[in-house]
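Let me begin by presenting the structure, written as structure tokens, before commenting on it.
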Protein chains: 2
Amino acid sequence: MGLPLPFTEAGRRSTGRVAGPARDAAHPCRRCEAVRDAALCGALTADDFQRLTALRCHAELRADITVFREGDIADHLYSVSSGTMKLYKLLSDGRRQIIGFLFPGDLFGLAIGGGYAYTAETVTACQVCRFSYRKFAMLTERLPGVERNMLSIAVKDLVAAQEQMLLLGRKTAREKLASFLLKLSRRKRDRGLDGGVVELPMSRADIADYLGLTIETVSRTFTHFKRDGIIGLPSHDQVVIADNAALEHVAESDH
Amino acid sequence: MGLPLPFTEAGRRSTGRVAGPARDAAHPCRRCEAVRDAALCGALTADDFQRLTALRCHAELRADITVFREGDIADHLYSVSSGTMKLYKLLSDGRRQIIGFLFPGDLFGLAIGGGYAYTAETVTACQVCRFSYRKFAMLTERLPGVERNMLSIAVKDLVAAQEQMLLLGRKTAREKLASFLLKLSRRKRDRGLDGGVVELPMSRADIADYLGLTIETVSRTFTHFKRDGIIGLPSHDQVVIADNAALEHVAESDH
DNA sequence: CGTCTTCTTGATAGTATTCAATCCTCGTGG
DNA sequence: CCACGAGGATTGAATACTATCAAGAAGACG
């Protein structure tokens, strides 16, 4: 099932000597370098970073492409260079829970032995990098810094998952959606962008499955927020946060 | 607020030479050794394990004791030697989500910089060990195996958290409780014990806050399972799994 | 043995879901 | 350029599941 993904080697050996990272501006992997600080290679020397780069493969994927499925043997670690992705788990009757949305700089596919715990799918067109765990392991033996980074990423993901458990288990629909919008807004602000306008690359169905709601409830709640003057909805994939304080209030105490 | 916890050094230096692990059978830290394989020190040499042991502190805590609170500066890594603990997050109005229950061999307090993401509290009387992160870091520089173990623990916790997100977001009350009972049953079976009888050291309130339900719904659902002949309830803290197949069926498709 | 807490059970209410229909947006083609 | 079609989004009405409020039963503990 499923066609092989178009992953291509990034830093190819042209001679016996190790080639440096591609310098061609048109090469897609320039994008990977732009986000390297955000993810795996934080505290590496230029030299070690190059070694890591050498075993990186890259792919450009259009929207709604499955990168791997829950249960697939976990043989690669992935990184999002551009675009938005989603990770989800399914119940046998089709009910779906989206575990998280991914944005440039985010890692996915972290797994220890066995298979992936979730399915990974593109939401928009994406540029994605990946490393083979097999090759990766040989390198990380010598580079404890990479494993430390992976630990710190796993812990960060764990903290985020626990926060989401609080949301799913104990928050109302209004609180859930408000929390979601604020998370997107803060993410933009943390990157120096305007947090007052938030893009929603994902569908209402995706938002619903992320927040443990139905499409209809998500839609209705958007409408309520709009009527209350808390947000503006210039288009269905763009939210203007009109009253941040009110949104923050709703996010934690609308019970 | 909060009295200091009674943590005492385990392997104390009696002379200039590093003392071995306490051999006194009465010493509470014998218990820690019994569970070492389950947690942090999996692939260590006896020598390295001893070094780790040397900086371990131990405490015996009665039920309902808070070990640390969400937001406290994360300066220690903890391990449960005996008893049951719970980790939870609170909303400002008191709504609570239990992130997980912990049993002997489980680690908690994993955090990277900043504070703990949750509050940790004993459910029953517990024996708990802890390591100072400061001292710990000095040791792990030389012991990449420990960091690898921590990564694998963090990933395992992450996978469990994602499974719980599916439960909280998409399962019905019956499915939630069935999944919970099966998880406890499988845990016992994995340790070579009888999975047909499950102990519930935690209160209905704790179960409710773990499953994103109310006390009443948990109680009613127990009663339903009993009436359906799926379980027996010899006492309120003991469950006999009378029909495992039925329980597994309910856990995944009772929608 | 009495009190206190926890658990169970019952009645009612409310939030979110389900089912259904309409609206909108956007891409396509005439 | 505009009509058309399709998928997604919104809105409405009715239902259902779980929460809330309230009371009684069962244990736990002194």
Side-chain angles (χ1 to χ4, degrees), chain A residues 62-64 86 91 93-97 123-125 167-180 199-228 231-239 250 253-255, chain B residues 62-64 86 91 93-97 123-125 167-180 199-228 231-239 250 253-255:
Chain A
R62 61 182 195 283
D64 301 314
K86 63 190 174 196
L91 289 175
D93 62 357
R95 278 174 290 169
R96 187 178 68 154
Q97 179 65 43
V123 172
T124 64
L167 179 147
L168 291 169
R170 286 298 177 221
K171 289 191 180 180
T172 65
R174 286 172 62 92
E175 291 170 336
K176 284 175 174 179
L177 190 62
S179 302
F180 175 64
E199 282 76 39
L200 301 176
M202 67 293 287
S203 68
R204 294 292 187 267
D206 284 345
I207 297 173
D209 284 346
Y210 182 59
L211 300 178
L213 298 170
T214 58
I215 302 174
E216 295 93 329
T217 300
V218 169
S219 185
R220 272 186 255 273
T221 309
F222 268 123
T223 306
H224 292 162
F225 285 169
K226 199 163 101 180
R227 282 190 194 145
D228 296 348
I231 63 167
L233 282 170
S235 71
H236 67 88
D237 63 352
Q238 211 173 28
V239 178
V250 170
S253 53
D254 196 61
H255 190 232
Chain B
R62 61 181 195 283
D64 301 315
K86 62 190 174 196
L91 289 174
D93 62 357
R95 277 174 289 169
R96 186 179 69 153
Q97 179 64 43
V123 172
T124 64
L167 178 147
L168 290 169
R170 288 296 176 224
K171 290 191 179 180
T172 65
R174 285 172 63 93
E175 291 169 337
K176 284 174 175 180
L177 190 62
S179 302
F180 175 64
E199 282 76 39
L200 301 176
M202 68 293 288
S203 68
R204 294 292 188 265
D206 284 344
I207 296 173
D209 284 346
Y210 181 60
L211 300 178
L213 298 169
T214 58
I215 301 174
E216 294 93 330
T217 299
V218 169
S219 184
R220 272 187 256 271
T221 308
F222 268 122
T223 306
H224 293 160
F225 285 168
K226 197 163 103 180
R227 281 190 194 145
D228 297 347
I231 63 168
L233 282 170
S235 71
H236 67 87
D237 62 352
Q238 210 174 29
V239 178
V250 170
S253 53
D254 195 61
H255 190 232

Practice task
Ignoring backbone atoms, test whether B:His224 places a side-chain nitrogen or oxygen under 4.0 Å from the OP1 or OP2 oxygen of D:dC17.
Solution key: no
Exercise for the section: May I ask you to verify if any side-chain N or O of B:Thr223 is less than 4.0 angstrom from the OP1 or OP2 atom of C:dT9? Expected result: yes
Handout entry: Salt bridge A:Asp209-B:Arg170, side-chain N to carboxylate O under 4.0 Å
Key =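 Salt bridge present between A:Asp209 and B:Arg170.
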Problem - Cationic N near anionic O, under 4.0 Å, A:Asp206 to A:Arg96 - result: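 Looking at A:Arg96 together with A:Asp206, the answer is yes, because their closest N to O distance falls below 4.0 Å.
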How many whole angstroms separate atom [atom1] of [X] from atom [atom2] of [N]?
| X | N | atom1 | atom2 | result |
| --- | --- | --- | --- | --- |
| B:Glu175 | D:dT18 | CD | C1' | 14 Å |
| A:Phe222 | C:dA16 | CZ | P | 15 Å |
| B:Leu233 | C:dC7 | CG | C1' | 11 Å |
| A:Lys171 | C:dA16 | NZ | C1' | 18 Å |
| B:Arg170 | C:dA16 | CZ | P | 13 Å |
| B:Asp64 | C:dT6 | CG | C1' | 13 Å |
| B:Lys226 | C:dT9 | NZ | P | 7 Å |
| A:Arg174 | C:dT15 | CZ | C1' | 12 Å |

Taking all atoms of both residues into account, what is the closest heavy-atom pair of [X] and [Y], and its distance?
| X | Y | result |
| --- | --- | --- |
| A:His236 | A:Leu200 | O-CD1, 4.1 Å |
| A:Thr217 | A:Ala173 | CG2-CB, 3.7 Å |
| A:Lys176 | A:Leu167 | CE-O, 3.4 Å |

Which pairs, protein N/O on one side and nucleotides 23-26 of chain D N/O on the other, fall under 3.5 Å?
none

Handout entry: Close side-chain approach of B:Lys86 and B:Met202, heavy atoms under 4.5 Å
Key = no
Practice task
Would you mind reporting whether A:Phe222 and A:Val239 have side-chain heavy atoms less than 4.5 Å apart?
Solution key: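 When only atoms from C-beta onward are counted, A:Phe222 and A:Val239 do touch, with a gap below 4.5 Å.
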Practice task
Go through the steps to decide whether B:Thr124 and B:Glu199 satisfy the test side chain to side chain contact (heavy atoms under 4.5 Å, CB included), and finish with yes or no.
Solution key: CA-CA 12 Å; B:Thr124 64; B:Glu199 282 76 39; over 6 Å; no
Hey, what do you get for [atom1] ([X]) to [atom2] ([Y]), rounding to the nearest 0.5 Å?
| X | Y | atom1 | atom2 | answer |
| --- | --- | --- | --- | --- |
| A:Leu168 | A:Gln97 | CG | CD | 5.0 Å |
| B:His224 | B:Arg174 | NE2 | CZ | 7.5 Å |
| B:Leu211 | B:Ser179 | CG | OG | 8.5 Å |

Fill in the blank from the handout: Within residues 200-215 of chain B, the residues having a heavy atom closer than 4.0 Å to DNA chain D are B:Gly212, B:Leu213, B:Thr214
Handout entry: Comparing B:His255 and B:Val218 on DNA chain C - which has the more 5′ nearest nucleotide
Key =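 Comparing both residues, the 5'-ward one is B:Val218.
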Exercise for the section: Could you run through nucleotides 19-27 of chain C and give me one letter per nucleotide, 5' to 3': B if any protein heavy atom sits under 4.0 Å from the base, S if only the sugar-phosphate is that close, - if neither? Expected result: B--------
